[in-house]
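Accompanying notes for the structure given below.
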Amino acid sequence: MINDVLTNKNKSARTSKAISNFCIYLVLVLFAIWILAPFSMVVITSFKTRKEASDPEFKFFPEKWSFEAYKDVFTYVAGVEENEIPVMLRGFINTLIIVLPPTIIGLFMSAMSAYAFAKLRFKGKNWLFSLLLLTMMIPGTIMLTPSYMIYDMLGWVDTPLPLMIPGMFGSATCVFFMRQFYSGIPDSLIEAAKLDGMGYFKIFWKIMVPLSVPALFAQGILGFIGGYNDYFGPYLYLHDPEWYTLQLALTSFSGTYSINIPTVMAGAIVAIIPALAIYVVAQKYFIEGIATSGMKL
Amino acid sequence: MFLDKVYSKKKKTKKEGILGLLLSLGPVVGFLLFGLVPMILAIFMSFMHIEGFSFEGSSFNGLDNYKEVLNDPLFWKSIGNTLKMSISTFINIVLALIIAFLLTKNIRGKKVFRTIYFIPYVCSVAALTIMWKWIFNTNYGLINGLFTPEGQDPIDWWGRADTFIPCLIIMGVWSGTGYGIILYSAALTNVKGALYEAARVDGANGLQCFFNVTLPAISPTSFYLLLTGLIGALQEFARPQIISGTGGPDNVGVTVVFYLYRNAFQYYNMGVASATAWLLAILIVFLTIINFTVSKLWVSYD
């Protein structure tokens with residue numbers, strides 16, 4: 001009798017657990033569909049023919065899967081000259097040229113600065129660090145007009161320099177994140193290195209950097225993706241199609257092809273894929289980088 | 001001997017001081033050159049009449065720029081537009097919290113879900129906007145293709161003043177929740193189990209636990225999301241600009257930064273544009289202060 005009651009109770013607990021689990025899954029799956037549905041429709045549409053995509057009679061799937069749109073994306077050259085590099089490909093190369101150097105150099109500068117703030121004693125340290133923190137709060141919009149005029153006077157407008165040089169000095173967010181990391185490394189390690197006759201820079205280069213490779217990697221990826229996806233900066237400073245980044249190439253490309261929907265969609269997909277690939281491969285670093293830099297404020 | 005040691009230690013500290021300063025200086029110098037100098041210049045520029053992009057022939061004109069901006073109905077409209085678009089920030093926070101909370105439950109496939117939710121965050125605004133421009137396209141778009149009843153005219157989503165911003169908000173919710181989910185997930189795993197146990201002992205049920213334990217414990221994250229979300233949203237530019245380069249129907253696509261951009265680079269009026277930038281900055285600082293003040297009531301850092 002008691003046993004019966006007990007199993008019944010267990011059963012009802014199990015069913016209520018199953019029901020609540022089912023509800024959780026339902027919400028999570030619905031939310032996943034909400035995120036993925038627009039993507040999948042865009043992908044499907046990119047395989048339609050132009051005629052099919054502009055048919056007032058809407059169909060989910062193309063009658064025949066066509067790669068015409070992707071051919072457009074990879075072969076479209078804005079000019080008429082022969083042997084010109086396709087617009088999107090050039091945009092991709094330009095993006096790498098513009099984004100990689102400031103990402104790598106800036107990362108190095110930030111890490112060095114973070115090491116100094118975390119482990120070295122010097123005058124004005126706290127004051128300088130507060131100054132850096134303050135910069136994170138300043139809305140970038142204020143700098144827009146004066147920066148443009150300064151760059152114009154320097155002759156930097158229409159060159160990638162305004163997008164490259166400032167980043168090479170490092171960024172406050174990155175310093176903040178890396179300092180957090182370096183503070184966690186025990187001082188005894190540094191003392192031991194000092195006894196071995198290592199200088200402060202050597203300690204940074206030989207001990208701190210190797211220890212912080214994953215953290216540096218996380219910040220580097222975040223920086224690169226940020227630069228890769230940037231639209232406003234390139235839009236402001238690069239007016240010559242020769243220097244268009246991938247994002248600018250994409251918008252100008254989608255303007256040219258505006259009525260050819262599959263081609264525009266294919267362009268958007270092609271522009272997304274490199275960033276998406278990095279995300280999928282380096283997901284761990286990516287999410288860690290974001291979670292920690294957002295957590296510590 | 002003893003003095004020698006003291007001396008060498010002093011020398012070492014001095015060396016450390018100089019090197020520390022040197023090493024730390026990169027980002028600081030970067031900020032001074034590309035942040036502080038332009039910022040100070042922007043103050044002057046906002047009180048100047050400037051022809052084109054050169055200071056030649058420019059003159060101080062007092063508060064004229066500010067008066068011009070504040071007397072322009074389009075400026076006030078742009079503020080309204082921007083604030084309306086920022087509604088997605090609030091929806092994002094609530095949705096992200098719910099999803100992140102469900103993800104803490106003991107279920108399979110958490111990782112897959114999280115990976116999916118975060119995808120829009122890594123995609124470029126330009127590409128996503130181009131996608132959503134198509135989704136709400138009048139004649140060939142996804143929404144109208146799926147939902148337009150037979151014989152009825154399709155809705156011109158991007159061409160109507162009353163649907164333009166709601167469409168942007170929907171897109172904003174779609175693309176912006178992932179970030180919040182990641183931050184909340186991290187925050188939720190850091191909530192100490194002991195807190196829950198104590199609440200259980202006191203007889204709190206699941207819902208009470210959530211509102212009295214979880215919510216206060218992760219309030220710093222909510223605060224951070226609200227603050228950064230609003231600061232970002234108030235500087236919106238790319239999405240409405242890519243959808244309608246002319247400012248959308250009845251100028252509902254003109255955000256404050258869009259307004260500023262037009263003054264600077266279409267009307268070549270850098271003075272007025274700088275004044276706009278400072279007004280926006282004041283608005284942001286004002287909202288930040290409110291945020292910080294109100295946060296004392298609901299954010300706990302225990």
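Throughout, a chain's letter reflects where its sequence line sits, starting with A, and its residues are numbered from 1.
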Worksheet entry | Atom group of A/Phe129 that falls short of 4.5 Å from chain B, counting heavy atoms | neither
Discussion item. Which atoms of B/Leu280 are under 4.5 Å from chain A, going by heavy atoms: the side chain, the backbone, both sets, or neither?
Written reply: side chain
Worksheet entry | Under 4.5 Å from a heavy atom of chain A, the part of B/Phe118 involved | both
Discussion item. Counting only non-hydrogen atoms closer than 4.5 Å, does B/Ile181 touch chain A with its backbone (N, CA, C, O), its side chain (CB onward), both, or neither?
Written reply: side chain
Discussion item. For B/Phe44, I'd like to know if atom CZ has over 12 heavy atoms of other residues, nucleotides or ligands within 6.0 Å.
Written reply: no
Worksheet, complete the sentence: Cut-off 4.5 Å, heavy atoms of chain A, and the answer for B/Ala264 is side chain
Discussion item. Looking at chain A, which one of B/Leu19, B/Ile18, B/Leu95, B/Leu23 has the largest number of heavy-atom pairs inside 4.5 Å, strictly under?
Written reply: B/Leu23
Practice prompt. Check whether B/Leu21 gets within reach of chain A through its side chain, its backbone, both or neither, counting any heavy atom under 4.5 Å.
Written response: both
Worksheet item: Between B/Ile98, B/Thr115, B/Asn106, which residue shows the highest count of heavy-atom pairs closer than 4.5 Å to chain A?
Response: B/Thr115
Discussion item. What part of A/Phe31 gets within 4.5 angstrom of chain B, counting heavy atoms only: side chain, backbone, both, or neither?
Written reply: both
Discussion item. What part of A/Val42 gets within 4.5 angstrom of chain B, counting heavy atoms only: side chain, backbone, both, or neither?
Written reply: both
Worksheet item: Is there a donor-acceptor contact under 3.5 Å from the side chain of A/Asn229 to the main chain of B/Val122?
Response: yes
Response to the item:
So, the part of B/Phe53 with a heavy atom under 4.5 Å from chain A: the answer is both
Practice prompt. Verify the neighbour count for atom CD1 of A/Ile259: are there more than 12 heavy atoms of other residues, nucleotides or ligands below 6.0 Å?
Written response: no
Worksheet, complete the sentence: If you tally heavy-atom pairs under 4.5 Å between each of A/Ile35, A/Leu120, A/Ile24, A/Ile273 and chain B, the highest tally belongs to A/Ile35
Item to complete: Please work out which of the three classes, parallel, tilted or perpendicular, describes the rings of A/Tyr25 and B/Phe113, given edges at 30° and 60°.
Response: tilted
Discussion item. Less than 4.5 Å to any heavy atom of chain B: does that hold for the side chain of A/Met265, its backbone, both, or neither?
Written reply: side chain
Discussion item. Need one label for A/Phe204: side chain, backbone, both or neither, based on atoms under 4.5 Å from any heavy atom in chain B.
Written reply: neither
Discussion item. Using heavy-atom distances under 4.5 Å, tell me whether B/Leu260 contacts chain A through its side chain, its backbone, both, or neither.
Written reply: side chain
Practice prompt. Compare every heavy atom of B/Ala126 with every heavy atom of A/Gln247, then report the nearest pair and how far apart it is.
Written response: OE1-CB, 3.6 Å
Practice prompt. Could you tell me which portion of B/Ile50 (side chain, backbone, both or neither) has an atom closer than 4.5 angstrom to a non-hydrogen atom of chain A?
Written response: side chain
Response to the item:
Honestly, the part of A/Ala32 sitting under 4.5 Å from a heavy atom of chain B is both
Worksheet entry | Centroid-centroid under 6.0 Å between B/Phe265 and A/Tyr235 rings | no
Discussion item. At a 4.5 Å cut-off on heavy atoms, which part of A/Met109 comes close to chain B: side chain, backbone, both, or neither?
Written reply: both
Practice prompt. Below 4.5 Å from any heavy atom of chain B, which atoms of A/Lys119 appear? Answer side chain, backbone, both or neither.
Written response: backbone
Item to complete: For chain A, find which of B/Ile43, B/Ile130, B/Ile40 contributes the most heavy-atom pairs closer than 4.5 angstrom.
Response: B/Ile130
Worksheet, complete the sentence: Applying a strict 4.5 Å limit to non-hydrogen atoms, the region of B/Thr177 in contact with chain A is side chain
Worksheet entry | chain B contact via A/Val280 - which portion, at a heavy-atom distance below 4.5 Å | neither
Response to the item:
Turns out that what part of A/Ser254 lies under 4.5 Å from chain B's heavy atoms comes down to side chain
Worksheet item: If you count heavy-atom pairs under 4.5 Å between each of B/Ile135, B/Leu142, B/Ile284, B/Ile231 and chain A, which one has the most?
Response: B/Leu142
Worksheet item: Say you draw a straight line from CD1 of A/Ile261 to CH2 of B/Trp134; how long is it, rounded to the nearest 0.5 Å?
Response: 8.0 Å
Worksheet item: Under a 4.5 Å heavy-atom cut-off, does chain B meet the side chain of A/Leu144, its backbone, both or neither?
Response: side chain
Practice prompt. Calculate, to the nearest 0.5 Å, the distance between atoms CG and CG belonging to A/Asp55 and B/Asn139 respectively.
Written response: 12.0 Å
Fill in: Interface residue of largest heavy-atom contact number with chain A, from B/Trp278, B/Trp174, B/Phe237, B/Tyr140, under 4.5 Å
B/Trp174
Worksheet item: Judged by atom type as modelled, is there a donor-acceptor pair below 3.5 Å linking the side chain of B/Ser24 to the main-chain atoms of A/Ser113?
Response: no
Worksheet item: B/Lys105, B/Lys133, B/Arg108: which one forms the most heavy-atom pairs within less than 4.5 Å of chain A?
Response: B/Arg108
Worksheet entry | Contacting moiety of A/Leu28, where chain B heavy atoms sit under 4.5 Å | both
